[in-house]
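Here's the structure we're looking at; comments come further down.
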Amino acid sequence: IRAEGSNRMEMGAKLLASKFGSNLTITYPTATTPRYVWGSAGVFSIGSDIKTQLLSFELTLESGIDLGRAWEKAATEALRVYPASWPYSPAPARGVKFSCKIRAEGGNIATYRAAQLAGTELELDVSCLGIIISAAYDTLAISIPKAVITEVTQDFSSGFADLNLTFEANYDATAGGPIEIIVTNGTATYLV
């Protein structure tokens with residue numbers, strides 16, 4: 001999932017599956033007109049008191065499945081065209097990575113560098129808006145309860161002090177995972 005500037009948000013995925021049955025059907029939701037969500041129409045916060053302007057972001061989820069080894073355990077030649085197992089590759093191939101560019105505010109650089117050096121777990125939240133439908137907005141919300149900053153760089157190309165931040169997500173037992181993504185289409189919620 002990524003967004004940049006005033007452009008609409010983009011999302012892509014690589015789907016993995018073993019042998020499909022003949023009765024499998026996949027149904028995708030349809031809309032009469034396209035409905036978009038924008039990264040520039042949203043709120044970015046780290047912790048409870050730091051909010052700033054989000055210029056761009058990219059979220060990457062990596063399963064860590066080694067496709068090259070997925071066919072190793074197939075018992076018969078006829079089944080070898082289908083993956084028989086889902087072996088994980090060695091760490092750190094699995095994980096959640098969030099990178100973003102924000103407009104820096106006073107004290108941000110020192111705060112983020114200190115958090116990076118200390119390995120502090122921070123709560124990271126992004127909420128982006130789409131169009132309004134029947135008095136409710138389409139939204140995308142990303143929440144990483146235990147985000148750890150792995151990289152902080154500065155960028156002055158826009159004439160402002162912008163920060164490029166990279167985070168990795170730690171597992172949170174209370175939330176039941178490292179990340180939560182919620183897409184709300186008007187009032188219906190998907191991908192919880």
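Since we're looking at a predicted model, the values are computed, not measured. Residues take their numbers from the sequence shown, with the count starting at 1.
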Legend entry - Test side-chain contact (heavy atoms from CB on, under 4.5 Å) applied to I182 and T139, step by step: CA-CA 8 Å; I182 299 174; T139 62; over 6 Å; no
Legend entry - Stepwise side-chain contact (heavy atoms from CB on, under 4.5 Å) test for Y112 and I102: CA-CA 12 Å; Y112 296 142; I102 60 173; 3.7 Å; yes
Legend entry - Worked check of side-chain contact (heavy atoms from CB on, under 4.5 Å) between L59 and V126: CA-CA 11 Å; L59 172 69; V126 176; over 6 Å; no
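Between V37 and V183, the closest side-chain pair of non-hydrogen atoms is not below 4.5 Å.
Smallest separation of non-hydrogen atoms from I144 and P178: CG2-O, 3.6 Å.
The side chain to side chain donor-acceptor pair (under 3.5 Å) test applied to E10 returns R2, not counting sequence neighbours. Under the side chain to side chain donor-acceptor pair (under 3.5 Å) criterion, S143 pairs with D125, sequence neighbours left out. Partners of E4 according to the salt bridge (charged side-chain N to carboxylate O under 4.0 Å, His left out) rule, which considers only residues two or more places apart in sequence or in another chain, do not exist here. When the side chain to side chain donor-acceptor pair (under 3.5 Å) test is applied to R113, no partner is found at least two apart in sequence or on another chain.
Every pair passing salt bridge (Lys or Arg N to Asp or Glu O under 4.0 Å) that includes a residue from residues 151-160 is listed here, sequence neighbours excluded: K101-D155.
Note that OG of S127 and CD1 of I142 are 9.5 Å apart. Values are rounded to the nearest 0.5 Å.
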May I have the list of side-chain donor-acceptor pairs in residues 161-171 shorter than 3.5 Å, sequence neighbours left out?
from: D162; atom 1: OD1; to: R103; atom 2: NE; distance (Å): 2.5
from: D162; atom 1: OD1; to: R103; atom 2: NH2; distance (Å): 3.4
from: D162; atom 1: OD2; to: S158; atom 2: OG; distance (Å): 2.8
from: N164; atom 1: ND2; to: T153; atom 2: OG1; distance (Å): 3.3
from: N170; atom 1: ND2; to: E121; atom 2: OE2; distance (Å): 2.8

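With hydrophobic clusters built from ILVMFWY side chains whose heavy atoms lie under 4.5 angstrom apart, M9 shares a cluster with V96. Grouping the Ile, Leu, Val, Met, Phe, Trp and Tyr side chains by contacts below 4.5 angstrom, directly or via other members, places L54 with I1. Under the 4.5 Å side-chain heavy-atom criterion for ILVMFWY residues, a single connected hydrophobic cluster contains both L122 and V152. There is a path of hydrophobic side-chain contacts, each under 4.5 Å, that joins I109 to I149. The same ILVMFWY cluster, assembled from side-chain heavy atoms under 4.5 Å apart, contains both F98 and I181.
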